[in-house]
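Input: a single structure, listed below in structure tokens.
Below, chain A is the first sequence line, B the second, and so on; all start at residue 1.
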Amino acid sequence: MEDFDGEESGEDRVASFFGVGDERVKNKKKREIEQPRYDWDGGDFGVYMKEKQRKLHDQFAAQFKPSDPVVKEGNQSQDATRSSTFMHGVHLHVSGWTQPSRETLRELIIKAGGEYHTYYSTKSVTHFVATSLSHARMKSLNEGPKIFIVNPDWVVDSIQQQRRLPEAKYRINLGTDSRQHTLAFHTSTLQSPTKEKNKADAFPEANEDEVDVQDELIVDDTNNDAAIKLDAMRRSGKLLSTSENVNFVKDFFAQSRLHFIGSFRARYEQLMENVAERLGMKSGNALLQDSVTCQEQGEHMFVERIVLHIDMDAFFASCAISVDPSLRGHPVVVCHSSSTSSHAVTSRGEISAANYEARSYGIRAGMFLKTALQMCPHVKSVPYDFELYEKVATKVITLLHAFARLVEVRSVDEAYIDLTGQDTWPVRGKEMKEVKPLKTKSDVDEFCRELRNRIEAETGCTASIGIGSNKLAARLATKKAKPNGIYRILPDETESFVAQLKIRDLPGIGYRTCEKLETELRVKTTEQLRKLSKTALQNVFGANAGVLIYECVRGRSNEKVIPLAARKSISATVGWGVRFGAGDTEYNKAVRFVVSLAEEVADRARQADAVGSRVSVELLKAKSNAGEPYKLLGQGSCDRIRSSASILFAHNQESLRNELTKVCER
DNA sequence: ATCCTCCCCTAC
DNA sequence: TAAGGTAGGGGAGGAT
Ligand SMILES: Nc1ccn([C@H]2C[C@H](O)[C@@H](COP(=O)(O)OP(=O)(O)OP(=O)(O)O)O2)c(=O)n1
Ligand SMILES: [Mg+2]
Ligand SMILES: [Mg+2]
């Protein structure tokens, strides 16, 4: 659908869609309607056409059979008390699946006087523990400063004998997967930039945990019959030409708010260094390990839990208002376009955040500015200020860690805190001088009140807090608390609280799940959902997901509050303003574009001290019946073409990309 | 049973 | 003008 104004025509389409009998005819006659990203971008009115999955992958399947050597990712902790010191000076990092588990190894090493590191870093880690390792990973580990690379038995045996055994006898298997297929090796030459890039990708400096380097590319491939696309290209002209601007990828990321919130986690480790410093702790790792230890200790406490969910109110908008008080009290939205420009009334700039004044007119994140202006002609828009949001987030996260031992930062503007077992506050930083008790309900209330006050005092932005007996309850409570409030759901109230919500309000149940519940299980309300048996849900959603929904609608959740761990994958995607046509020139542009994205991934991997064990690429091709994208220069309705392969040698990557770019040419 | 890959879905 | 990214959970279905 064209845009938000298209509600009526959307309905129109629904009607004619259902009026046609044969699906193939429908697909021919009706333009494809994209899956909505937001409930109000027309999605609830439009039809999502579940079209038969046309797997193009059989086209490549004959040529690649990717496989993954193994994986690593580790996040651990520091807890047990030291009982000996023979491992003193050993800085251990565990990567991937191990026997015994990462948690056990962590405990063992700490008890023996060593130190544990959640993140791998060439600077601090002396011993790298893994069960198996790809050649590429091994090579990169060996390129850095000398560290010991050992299997888990080294730790176990050393502990057993109470001495540090020689590392040499505990070599790691250079693992191969019997299912690994040899990639078709194409000698046909690639553009040289592609080659350079491959190298960069395959051998970053050091190795992090299980890191799956992902290189995604979205190509909207204009086909012969896609006159509409050509038209869009023409209209966008040179100004928007995606592939002509050599800095397109960088520019795009610099402006993208979804990139900003999506890449928060990539910046988190660095951010925690800053937080640790503000709290007078020696390092971000020390802070993190303390939080992990607390989590592990609390795990064995089978008492009623006290979980808080803290979420900033209208975050981006609040930040803007905090530095420009003249905006306070007005309806404010954050987006690229300006509400005072003469073009504002036609603006398809997407709103990122709307303050509560704006929301009272029905304005929501994800809407176009022009729609917001229809709802409220005097709404003020402000541009993005990502640095400001990051600064505010850092202050908030610092406060959270000063107040509580166990913190899980979930995004740039929200976090969970588990207070179970914490009996005083604050726990870190200067204010430790005056320690208060945290035992009764009213102590918790006081804790929350003070936390909210401090956040507002230090940032000029307000936060809301939900209190519950699990993460789900706390999260639902926050929603109720907003804006600028606090709400507690008592343990025995949780179930009845959920009963008064709409299914769509339940976290984890999104647009598609709601749709399935309605069409396949005839369920529209939480009350009806509650009547479904576990089995019925499992039949539709699978064994695990079925139980999750079943528990969720009863207000139950086992999810633990856990400090943010290292990422398991790194990727870069651009799905805006990308158009490639047929022919050699366009093909070469597409290849250059893939390369620039791959370089972006390589940069990010290097920054994270990560090496990939797998590469994947994804292309989007406009469906032949796709209409104009709903969003200006957006991706519209596309087929996805993807492939991945494990990386043992750099040239695999090269051949992979070679193949993939060929596919994109098609 | 468990481990893959490929894919869908969700949330900020 | 406008910047629809990112990462994780999990299922289906095939291979081991
Ligand atoms: N579709 C969205 C949703 C969110 N965000 C950004 C802007 C938000 O300010 C920030 C935090 O998201 P929240 O869901 O927490 O929304 P707000 O903080 O804006 O409002 P609320 O008071 O409901 O938390 O993420 C965005 O850019 N696009
Ligand atoms: Mg918020
Ligand atoms: Mg939030």
For this session: State whether a side-chain donor-acceptor pair under 3.5 Å links Asp313(A) with Ser464(A).
Result: yes
Exercise. Can Ser596(A) and Arg592(A) be counted as having a side-chain donor-acceptor contact under 3.5 angstrom?
Worked result: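 Result is no, nothing qualifies.
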Touch check for [X], heavy atoms < 4.0 angstrom, all strands: base, sugar-phosphate only, or nothing?
X: Phe260(A); value: nothing
X: Arg410(A); value: nothing
X: Ala254(A); value: nothing
X: Phe253(A); value: sugar-phosphate

Taking [atom1] from [X] and [atom2] from [N], how many angstroms apart are they, rounded to a whole number?
X: Tyr38(A); N: dG4(C); atom1: OH; atom2: P; answer: 8 Å
X: Arg348(A); N: dG4(C); atom1: CZ; atom2: P; answer: 14 Å
X: Asn247(A); N: dA2(C); atom1: CG; atom2: P; answer: 22 Å
X: Phe252(A); N: dG5(C); atom1: CZ; atom2: C1'; answer: 7 Å
X: Ile641(A); N: dC7(B); atom1: CD1; atom2: P; answer: 10 Å
X: Leu548(A); N: dC8(B); atom1: CG; atom2: P; answer: 21 Å
X: Arg512(A); N: dG9(C); atom1: CZ; atom2: P; answer: 21 Å
X: Leu564(A); N: dG8(C); atom1: CG; atom2: C1'; answer: 11 Å

Exercise. Is the centre of the Tyr384(A) ring less than 6.0 Å from the centre of the Phe260(A) ring?
Worked result: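 No, the ring centres sit 6.0 Å or more apart.
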Problem set entry | Toward the 5' end of DNA chain C, by each residue's nearest nucleotide, Glu350(A) or Asn539(A) | Glu350(A)
Problem set entry | Ser347(A) vs His259(A), nearer the 5' end of DNA chain C by closest nucleotide | Ser347(A)
Exercise. Under the 3.5 Å rule, do the base of dG5(C) and the side chain of Arg265(A) count as making a donor-acceptor pair?
Worked result: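 There is none.
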Side-chain N or O of [X] less than 4.0 angstrom from OP1 or OP2 on [N]?
X: Ser616(A); N: dC6(B); result: no
X: Lys250(A); N: dA3(C); result: no
X: Arg567(A); N: dA7(C); result: yes
X: Lys516(A); N: dC8(B); result: no

To the side chain of [X], which of [options] is closest?
X: Thr573(A); options: dT10(B), dA2(C), dT6(C); value: dT6(C)
X: Ser337(A); options: dA2(C), dG11(C), dG4(C); value: dA2(C)
X: Glu414(A); options: dG8(C), dA3(C), dC12(B); value: dC12(B)
X: Arg604(A); options: dT6(C), dC12(B), dA3(C); value: dT6(C)
X: Asn544(A); options: dG9(C), dA3(C), dG10(C); value: dG10(C)
X: Ser571(A); options: dG5(C), dA3(C), dA7(C); value: dA7(C)
X: Ser569(A); options: dC12(B), dG4(C), dG8(C); value: dG8(C)

For this session: Could you give me the CA-CA distance, side-chain angles and deciding distance for Arg567(A) and Arg265(A), then say whether side chain to side chain contact (heavy atoms under 4.5 Å, CB included) is met?
Result: CA-CA 8 Å; Arg567(A) 287 169 296 170; Arg265(A) 204 169 160 178; 3.9 Å; yes
Exercise. Hey, is Glu350(A) close enough to Arg257(A) for a salt bridge, meaning N to O under 4.0 Å?
Worked result: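 A salt bridge is present here (some side-chain N lies under 4.0 Å from a carboxylate O).
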Exercise. In terms of side-chain geometry, is the basic nitrogen of Glu559(A) or Arg410(A) positioned less than 4.0 Å from the acidic oxygen of its partner?
Worked result: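 Arg410(A) and Glu559(A): salt-bridged.
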